[in-house]
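Numbering of residues begins at 1 and proceeds along the displayed sequence. All values derive from a computational prediction rather than experimental measurement.
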Amino acid sequence: MDKNEQLYYIDFDKLFENFADKYYVEHSDDYDGPDDFAKDLDEIYHKWATSPQHVLGGLSPSEFFNRIPNDELVDILKGSCVGENNPCSLLFDRIATEPELLDELAELALETTETKLLMVTIALISELGGADDDFYLEMIERDIDAACKDSCIEVLCDRADDVRDRLLERAAATDDIAMKELYAEPLTFCEAGNDDILSLLRELLASDDNTAYVAELIGRYGDDRACGDLYKLLDTCNYAEFLEIRNAIEELGGTVDPHYRDFSSDPVYISMKKAGHGDNN
């Protein structure tokens with residue numbers, strides 16, 4: 001392993017932990033206990049980040065990261081996510097100031113399946129202003145960790161109007177209900193009244209087992225033409241679905257009597273009633 005490769009596997013969290021432990025021992029008279037000490041951790045972290053470290057050849061962690069050439073930063077990021085290691089916040093901050101690395105980070109995110117690396121990379125892409133629409137559309141279609149996918153969906157929700165037509169095209173081209181759900185979520189942030197979006201939501205309501213979630217999407221979208229579709233489900237839904245359907249109908253301007261049906265034998269209702277949250281007798 002050459003010198004650069006060794007740098008990839010330095011445990012900076014452990015370095016700081018050792019520094020903080022030593023600092024606490026040396027300044028224990030200044031604190032009432034660990035909780036009192038914790039309030040100064042940001043200041044102590046700064047002290048550590050600017051203090052020479054033997055393992056870094058006498059450089060401070062801040063100086064160490066500032067000296068790394070740009071073309072090595074992403075490789076070090078990958079190394080710092082191996083096994084139990086985590087990337088140092090100083091490395092994150094350094095990369096987040098280098099916009100020229102955005103394309104390399106996007107390429108890495110589209111290739112890796114390692115959840116830790118993927119989460120960090122997506123966060124860095126966001127810090128650098130975000131990637132193009134194609135990146136996020138491709139990411140939500142990958143088989144990756146749900147939290148990573150959710151982060152990408154959030155970006156598409158913010159860009160809903162810009163990606164509307166492409167999301168609708170993808171939704172129309174697949175029979176996968178789970179994918180249709182993913183495409184539908186950003187679309188509900190578009191202005192209400194689009195016939196194709198309404199058609200997609202109605203399709204999901206008719207074929208998706210996740211009725212409560214689809215009702216939530218419909219309520220958010222705000223097209224009152226879907227009210228009739230929701231009312232039709234009130235006689236057959238369970239209590240959890242009833243709550244979301246009722247909320248959606250009310251968001252669309254309709255009304256539903258909270259005592260519309262007797263849910264006294266419904267497991268969800270029974271559980272909520274015991275917790276003091278049920279509203280149907």
Side-chain angles (χ1 to χ4, degrees), residues 1-21 38 41-42 44-158 182:
M1 182 181 292
D2 64 28
K3 183 177 179 180
N4 279 341
E5 286 181 290
Q6 293 175 28
L7 298 180
Y8 301 166
Y9 295 94
I10 290 176
D11 189 342
F12 285 92
D13 286 343
K14 189 62 177 178
L15 285 182
F16 173 64
E17 181 182 329
N18 293 339
F19 180 90
D21 288 345
L41 276 180
D42 286 346
I44 294 165
Y45 189 86
H46 177 73
K47 289 180 183 293
W48 166 76
T50 55
S51 299
Q53 303 291 316
H54 176 72
V55 71
L56 300 178
L59 296 176
S60 71
S62 289
E63 188 176 4
F64 168 76
F65 284 109
N66 287 335
R67 288 191 179 193
I68 297 174
N70 282 12
D71 59 5
E72 294 182 15
L73 286 169
V74 175
D75 280 337
I76 294 179
L77 177 70
K78 289 188 283 188
S80 70
C81 290
V82 172
E84 298 298 318
N85 292 339
N86 292 296
C88 176
S89 63
L90 297 173
L91 173 62
F92 187 99
D93 292 344
R94 168 68 197 285
I95 295 175
T97 64
E98 302 294 345
E100 66 187 65
L101 297 177
L102 181 57
D103 289 344
E104 187 176 356
L105 289 168
E107 183 178 344
L108 173 60
L110 289 169
E111 293 174 351
T112 188
T113 57
E114 297 296 328
T115 297
K116 186 193 305 183
L117 178 58
L118 191 54
M119 291 182 71
V120 172
T121 304
I122 290 173
L124 281 165
I125 290 171
S126 177
E127 287 291 319
L128 289 168
D132 59 25
D133 297 339
D134 288 334
F135 169 80
Y136 295 104
L137 289 168
E138 187 169 346
M139 287 295 290
I140 68 170
E141 293 172 344
R142 293 189 61 208
D143 183 16
I144 57 175
D145 178 79
C148 296
K149 190 171 291 193
D150 286 345
S151 295
C152 294
I153 291 173
E154 286 179 12
V155 175
L156 292 174
C157 289
D158 290 335
L182 290 181

Any heavy-atom pair between the side chains of Phe16 and Cys88 that's under 4.5 Å?
no
In short, side-chain hydrogen bond (donor to acceptor under 3.5 Å, both in side chains) pairs touching residues 47-58 with sequence neighbours left out are none
Distance col, row Ser60:OG vs Phe65:CZ, nearest 0.5 angstrom, shows 10.5 Å
Taking every heavy atom of Pro52 against every heavy atom of Gly58, the minimum-distance pair comes out as CB-O, 3.2 Å
So the salt bridge (Lys or Arg N to Asp or Glu O under 4.0 Å) pairs with at least one residue in residues 79-90 (sequence neighbours excluded) are none
Between Ile140 and Leu137, the two heavy atoms sitting closest are CG1-O, 3.3 Å
So, Arg142 and Glu138, do they make that salt bridge, N to O below 4.0 Å? no
Hits for side chain to side chain donor-acceptor pair (under 3.5 Å) against Asn70, two or more places apart or cross-chain, chain-then-number order -> Arg94, Glu98, Glu100
Output for pair (Asp134 CG, Asp132 CG), nearest 0.5 Å, gives 5.0 Å
Mind checking whether Leu91 and Ser80 have side chains closer than 4.5 Å, heavy atoms only? yes
One should read off an interatomic distance between Leu102 CG and Phe135 CZ, to the nearest 0.5 angstrom, of 8.5 Å
Here the gap from Leu56 atom CG to Leu15 atom CG, rounded to the nearest 0.5 Å, amounts to 6.5 Å
Across all chains, not counting sequence neighbours, the salt bridge (Lys or Arg N to Asp or Glu O under 4.0 Å) partners of Lys149 are none
For a quick test of your reading: what N or O donor-acceptor pairs under 3.5 Å do the side chains of residues 113-129 make, sequence neighbours left out?
unit_1: Lys116; atom_1: NZ; unit_2: Gly83; atom_2: O; d: 2.8
unit_1: Lys116; atom_1: NZ; unit_2: Asn85; atom_2: O; d: 2.5
unit_1: Thr121; atom_1: OG1; unit_2: Leu117; atom_2: O; d: 2.7

Here the gap from Ser89 atom OG to Asp13 atom CG, rounded to the nearest 0.5 Å, amounts to 8.0 Å
Validation row: Ile95, Leu105 side chains within 4.5 angstrom (heavy atoms):
yes
Rounded to the nearest 0.5 angstrom, the SG-CD1 distance for Cys152 and Ile144 is 5.5 Å
Handout entry: Parallel, tilted or perpendicular: ring planes of Phe12 versus Phe64, cut at 30 and 60 degrees
Key = tilted
Side chain to side chain donor-acceptor pair (under 3.5 Å) filter on Ser62, not counting sequence neighbours, yields none
Worksheet item: Are the side chain of Tyr136 and the backbone of Ile153 linked by a donor-acceptor contact shorter than 3.5 Å?
Response: no
